[in-house]
Structures are given as structure tokens and as C-alpha cells.
Amino acid sequence: MTTTNNPAPLTAADRVKLSVRSILRGSGQVMFQQSAWTGLFFLLGIFWGSYECHLPQVAWGALVGLVASTLAGYIIPDKEPAGYDGLWGFNGILVGCAFPTFLADTWLMWIALFVCAMFTTWVRSGLNNVMAPWKVNSFTFPFVLMTWVFLLAARELPGIAPAALSAPELTIGAVAGHLDVSFGSLVIFWLKGIAQVFLIDSWVTGVFFLVGLALCSRWAAIWAAIGSAIALGLAILFKADPESISAGMYGFSPVLTAIALGCTFYKVNIHSAIWTVIGIVATFFIQAGMNALMLPWGIPTLTGPFCVATWLFLLPAYKLDDRDLPDHSFWGKLFK
């Protein structure tokens with residue numbers, strides 16, 4: 001006679017714990033970290049920076065977007081187990097940061113934010129199905145795609161009118177201005193490059209993010225720091241807009257590329273390190289090119305340059321040495 005041990009049903013308290021952990025992990029998954037503690041530090045950094053910059057609506061938008069996109073995952077009939085690891089929420093939290101940053105703070109904007117954040121979860125599922133044969137996934141592109149759509153729509157819909165979008169232009173004027181390159185200023189610009197992953201203009205937020213990364217993966221923290229530093233150096237070398245440099249605007253996509261290639265999808269070794277540095281450099285130039293490309297539309301590139309660069313640098317994975325190939329347990333989880 002055999003006995004089947006059925007797992008005990010989840011209590012209400014267990015369900016609340018699971019939901020809170022899933023939500024916090026959604027915050028951490030923006031930088032590929034499956035850790036509720038990392039997600040908590042990211043949220044603390046977002047709240048600190050938003051209130052420091054007198055934009056509290058960005059912090060609350062991040063929280064609303066995170067909850068909305070996670071909720072959307074529970075609605076999907078065929079739920080993916082990896083969603084409970086935060087993969088439902090990371091696009092939504094970015095939507096929540098972007099909408100109050102670029103759009104007027106109206107009640108209709110909050111409805112649009114909630115709807116768009118939910119859309120990103122479903123769009124991610126569809127895009128991952130399409131991309132699975134090439135062994136890449138959509139990363140933050142659902143956030144990029146849906147936010148582009150809503151920002152463009154805002155120019156036609158006064159209820160969600162633009163507040164901080166640039167005016168559409170056909171040409172780029174000469175960049176003028178002085179950049180303070182003292183050591184203290186460079187450290188601030190470097191930290192802001194990390195904070196701008198969540199569209200936050202605060203060096204303190206960058207510190208929160210590095211600590212949060214280090215709690216889960218020291219390599220993720222190291223590569224985030226390297227990615228922002230290389231992007232900052234390239235921006236200064238190639239004489240980018242001083243205002244953009246000082247705000248960390250050239251750092252956020254290279255930071256994400258650095259973490260993705262340096263320690264998430266490739267094993268940490270000298271081969272992957274060289275490949276990652278090349279990817280960071282490529283991301284910088286892709287971002288500059290996409291900035292010019294989006295100028296006539298008057299909308300930001302968001303994390304589009306990171307997506308494009310990382311796709312390009314993951315596609316050759318079949319040709320790399322087996323020692324450099326991704327950890328397939330985590331890799332497979334992303335495609336479920």
C-alpha cells in the first residue's frame with residue numbers, strides 16, 4: 001500500500017506572502033535579480049530619488065505599475081511558474097516610472113498607467129513565444145513598445161497630455177555647454193547612470209541600487225558599476241550633450257547590457273568579460289543612434305538600446321565555447 005503525500009493547501013497568510021514576494025522580485029528582475037530584498041532596495045531607492053527630485057508621483061507610479069503588471073500575470077489562464085519569481089512585474093514597474101515622468105499628473109494618466117502596465121505582462125508572454133526559437137527573450141521591450149505607443153497617443157489625447165516630452169525635431173543642433181569633470185562630479189554622474197535604469201535623477205538612488213544588487217549578486221553590482229563607468233567615459237570622450245551626461249542619461253542601457261551579458265546569460269570568465277565590454281561599447285553607440293532616430297517623434301528611447309544590443313550579443317551564443325554558454329536552468333525559466 002502506497003501513500004500519496006499531497007501538499008497542504010496554502011493559507012491566506014501564505015498567499016499574501018507569495019504575492020508580496022512576487023511583487024518585490026518584480027522590482028529586482030528589472031536588473032535580472034530574483035531577490036525580494038534586492039527588489040525592496042530598488043523600491044527604497046526609487047522613493048528616495050523621486051521625493052528628492054520633487055516627483056513623488058513617480059514613486060507611487062512605480063508601485064502601481066508593479067502591482068498592476070503582477071496582477072495581470074494572475075489573470076493569464078496558463079500561468080507561467082516563473083511569474084512568481086518576479087517576471088510578471090519588471091516591465092510594469094518601468095511603465096509606472098515613465099508615465100508620471102513624461103505625462104501630466106491627471107487621473108486619466110493613472111488609469112492609462114494601470115492599463116499599460118497590465119498590457120506589458122501579456123505582450124511579454126506573446127513576444128517570448130515568438131522569440132523562443134532564437135533563444136532570446138523580450139527583456140524590457142514590452143515596456144518600451146507599450147510606453148512608446150502611449151506617449152505617442154498622448155500627443156492626440158489631452159487627458160494624458162505630455163508634460164516632459166521633448167519637442168519633435170528633424171535635426172540635432174550643435175551641443176554646447178561646460179561639463180564639470182572633477183572627481184566628485186564624475187562619481188555623481190556615474191551613480192546617476194545606474195539610477196536612470198528606473199528614470200531617477202539621483203546619485204543616492206544609484207547607491208541604493210548597487211547595494212540591492214550586491215545583496216543578490218556581487219557580479220551584478222560589479223558589472224552595473226563597470227557598465228555605467230564605461231558609458232560615462234565614452235560620453236565624455238565623444239563630447240555628448242553635457243546636460244545628458246550629468247544626468248546619467250548615457251548610463252542606464254549599458255548598465256543593463258553589462259549585467260545581462262556579464263553574469264546573467266553568460267558564465268563569468270575572461271571570454272564573457274571581453275564580450276561584455278564590447279557589448280557595453282556597442283550599447284552606447286546604439287543609444288546615441290536611437291536618440292537621433294527618435295528625435296523627430298519627440299519620445300525617449302527608454303531601454304530600447306539595451307534590448308537591441310543584448311539581442312545582438314546573445315545571438316552568437318551558439319558559436320561560443322561551451323564554458324561561456326548560459327545557465328540553462330535560469331535560461332529555460334525565462335522562456336516558460
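Since this is a predicted model, take the numbers as computed values, not measurements.
In this pair, Phe208 and Trp48 present their aromatic rings tilted. The plane angle is within the 30 to 60° band. Below 30°, between 30° and 60°, or above 60°: for Phe284 and Phe238 the angle between ring planes is between 30° and 60°, a tilted geometry. Ring planes of Trp311 and Phe141: perpendicular class, angle over 60° (limits at 30 and 60°). Note: Phe119 and Trp122 have tilted aromatic rings, judged against thresholds of 30 and 60 degrees for the angle between ring planes.
Phe265 and Phe32 have their aromatic ring centers within a separation under 6.0 angstrom.
The backbone N or O of Leu213 lies less than 3.5 Å from no partner atom in the side chain of Thr38, so there is not a single donor-acceptor pair. Between the side chain of Gln287 and the backbone N or O of Met249 there is at least one donor-acceptor pair closer than 3.5 Å. Judged by distance alone, the side chain of Ser138 and the main-chain N or O of Asn128 form no donor-acceptor pair under 3.5 Å.
Here the CD1-OG distance, from Ile245 to Ser185, works out to 12.0 Å after rounding to the nearest 0.5 Å. With values rounded to the nearest 0.5 angstrom, Glu52 atom CD is found 8.5 Å from Trp203 atom CH2.
Atom CH2 of Trp148 has more than 12 neighbouring heavy atoms from other residues, nucleotides or ligands inside a 6.0 Å radius.
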| query | Checking side chain to side chain contact (heavy atoms under 4.5 Å, CB included) for the pair Thr147/Phe102: CA distance, chi angles, key distance, verdict? | reply | CA-CA 10 Å; Thr147 303; Phe102 298 113; 5.6 Å; no
| Taking it one step at a time, do Phe47 and Leu44 satisfy side chain to side chain contact (heavy atoms under 4.5 Å, CB included)? | CA-CA 5 Å; Phe47 269 83; Leu44 290 173; 5.9 Å; no
| Going through the checks in order, is the side chain to side chain contact (heavy atoms under 4.5 Å, CB included) test met by Ile75 and Thr121? | CA-CA 10 Å; Ile75 295 174; Thr121 301; over 6 Å; no
| task | Could you give me the CA-CA distance, side-chain angles and deciding distance for Leu261 and Trp223, then say whether side chain to side chain contact (heavy atoms under 4.5 Å, CB included) is met? | result | CA-CA 9 Å; Leu261 299 180; Trp223 275 115; over 6 Å; no
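Residues Ile93 and Gln29 have side chains not in contact (no heavy-atom distance under 4.5 Å, counting atoms from C-beta outward). In this structure, Phe143 and Val123 have side chains that are not in contact, with every pair of non-hydrogen atoms separated by 4.5 Å or more. A heavy-atom distance below 4.5 Å is found between the side chains of Met109 and Ile160.
Contact detail for Pro100 and Gly96: the closest heavy-atom pair is CD-O, 2.9 Å.
When only modelled atom types and interatomic distance are considered, Thr120 and Asn91 share no side-chain donor-acceptor pair under 3.5 Å.
Put simply, Leu157 and Trp107 are part of the same group of oily side chains (I, L, V, M, F, W, Y) that touch within less than 4.5 Å, one to the next.
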